[in-house]
2 protein chains.
Amino acid sequence: MTTARDLSPEKNEAILDGAMQEFLKHGYAGARIDKIVAAAGVSKATVYRHFPDKEALFTALIQRMAVRKEVFRLQNLQLFEKEPAIFLKKYATGMLDNVAGDPQVLTFLRMIIGESGRFPELARAFVKSIEKPSIDLLTQYLASHPSLQIADPEVAARAFIGTLIHFVLLKYVLHGEDIVPMERDRLLDSLLTLILSNTAQVQVSS
Amino acid sequence: MTTARDLSPEKNEAILDGAMQEFLKHGYAGARIDKIVAAAGVSKATVYRHFPDKEALFTALIQRMAVRKEVFRLQNLQLFEKEPAIFLKKYATGMLDNVAGDPQVLTFLRMIIGESGRFPELARAFVKSIEKPSIDLLTQYLASHPSLQIADPEVAARAFIGTLIHFVLLKYVLHGEDIVPMERDRLLDSLLTLILSNTAQVQVSS
DNA sequence: GTCTATATCAGGATAGAC
DNA sequence: GTCTATCCTGATATAGAC
């Protein structure tokens, strides 16, 4: 005697997992409900009982991914108390490894940006749950080290992250590796020198 | 007595113009040939006589946009001989004005990134004709001013552009203005201070 | 070389049995 | 609550007249 509006959480999960595969591969408009159905192992009618339409399914999926941070966990490693140059380099290395090693992250980035015109709320969820925490963490870190003499920690944090994101965009997302080549370590070391240049000497070692 | 394979350049232009509207508005998969046909004022058969299929039309369009730099002319203003802080600020201001004021630029950015998985060659064309010239110009500029004491001009150029692009992404593309607020002038002034901090004093005025 | 008209098929969404 | 089977709209692409 289940009530008429009860839905199976298991199927719900299966649908979202299937949807993730398909949407990540083809984007919103390119994704096919039939493929999602096949991947999820449920019937089409079940999908439409769980979600009113394709758009709702898509937004539910992206919201879940953004909240779970299944991709793009920038703000890990709380080794706050380390030497600044080491902390920053580890932070950057961790983020780049995470992105470079996982095609899903790149695809997710492409989709969030590509659909940000049609789905502004999803873009905002991304900013809120992924970009903002990263900026805030770095800002706080830089501000908590007055010896660094950084006049505007938030802008420094944005410059740091922005340089990394731009590097990822050029090299991995836009396939520009041989058009604008740049060694990762050179970028990181020079970037640290630039940002920490007010300190007496800059020690960079992993 | 025109040969059988001659095509009208006027119609070709009209088709590409119509395609631009539609593709920019809905992306590749979302774009409808019927709409392109209507906007171009030609028949559907004519489109398929000029371009083998939808994909070819799309790539032809993007290539044209990238070459013509109809959007995103980052590397204008050759006031190379000015004071560095002034030059850089003017450079950044010009680029931000160009982007912020023109929704087409934002849409183009979204599309290039969004479709960079399915159309890697288009992404590379974008890097080659838009990103690379910008990086090269800035690198040369910074390298030609030894008094700036910039150890690695190319990385400094990338940091500068990367910070700007990231700012554009967060604020305009991803609609994150009220989630991660930042005044444009504050970003620019602090960024200049950061990059030019090795000089005696930094003068920033527009 | 361009048009009108149409073939062909796949998409999202639903009706009705169980 | 989930399935099978189906509707129907709208898509890309083409055939044939002019």
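Values reported hereafter were calculated over all heavy atoms of this structure, with side chains retained and with hydrogens, waters and symmetry mates removed. Here the structure is a predicted model, which means the values were calculated and not measured. Chain letters run A, B, ... following the sequence lines, proteins first and then strands; every chain starts at 1.
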Kindly say if K11(A) contacts the phosphate of dC3(D), meaning a side-chain N or O under 4.0 Å from OP1 or OP2.
yes
Picking from dT4(D), dG12(C), dA13(D), the nucleotide nearest the side-chain atoms of K54(A) would be dG12(C)
Hey, does the side chain of R32(B) come within less than 4.0 Å of dA11(D)'s phosphate (OP1/OP2), counting only N and O?
yes
So, is T46(B) near the phosphate of dT2(C), with a side-chain N or O under 4.0 Å from OP1 or OP2?
no
Just do the side chain to side chain donor-acceptor pair (under 3.5 Å) check on E131(A) and H166(B) with the steps written out, would you?
CA-CA 10 Å; E131(A) 286 269 11; H166(B) 187 240; 3.0 Å; yes
N or O in side chain of H50(A) less than 4.0 angstrom from dG1(D) OP1/OP2:
no
After noting the C-alpha distance and the side-chain angles of T163(B) and F160(A), does the key distance pass the side chain to side chain contact (heavy atoms under 4.5 Å, CB included) rule?
CA-CA 8 Å; T163(B) 307; F160(A) 189 72; over 6 Å; no
Which nucleotide wins on minimum distance to the side chain of Y48(B), given the candidates dC3(C), dT2(D), dT14(D)?
dT14(D)
Return all side-chain donor-acceptor pairs below 3.5 angstrom for residues 111-119 of chain B, not counting sequence neighbours, or 'none' if the list is empty.
{"from": "E115(B)", "atom 1": "OE2", "to": "Y28(B)", "atom 2": "N", "distance (Å)": "3.1"}
{"from": "S116(B)", "atom 1": "OG", "to": "R110(A)", "atom 2": "NE", "distance (Å)": "2.7"}
{"from": "S116(B)", "atom 1": "OG", "to": "V173(A)", "atom 2": "O", "distance (Å)": "3.3"}
{"from": "S116(B)", "atom 1": "OG", "to": "I113(B)", "atom 2": "O", "distance (Å)": "2.6"}

Interatomic distance where CD belongs to E10(A) and P belongs to dG1(D) [whole Å]:
13 Å
Nearest-Å distance for atom pair CZ/P, residues F58(A) and dG12(C)
13 Å
Between dT2(D), dT4(C), dC3(D), which one does the side chain of A45(A) approach most closely?
dC3(D)
Applying a 4.0 Å non-hydrogen cut-off, can you work out what A31(B) is touching in the nucleic acid: base, sugar-phosphate, or nothing?
sugar-phosphate
Report the distance from atom CD of E22(B) to atom C1' of dT12(D), rounded to the nearest whole Å.
14 Å
Crowding at CD, E13(A) (>12 non-hydrogen neighbours, <6.0 Å):
yes
Please tell me which of the listed nucleotides, dT4(C), dT4(D), dA13(C), lies nearest to the side chain of D53(A)?
dA13(C)
Separation of dT2(D) P from I15(A) CD1 (nearest whole Å):
8 Å
Round to a whole Å and report the spacing from CZ of F51(B) to C1' of dT2(C).
15 Å
Test your reading of the model: is there a side-chain donor-acceptor pair from E22(A) to the backbone of R32(A), 3.5 Å cut-off?
yes
Rounded to the nearest angstrom, tell me the gap between atom NZ in K44(A) and atom P in dC3(D).
13 Å
Closest to the S8(B) side chain: dA15(D), dG11(C), dG1(C)?
dG1(C)
Check the distance between dA10(C)'s C1' and I33(A)'s CD1 and give it to me in whole angstrom.
13 Å
Give the rounded distance in Å between these two atoms: CZ of R49(A) and C1' of dA17(C).
13 Å
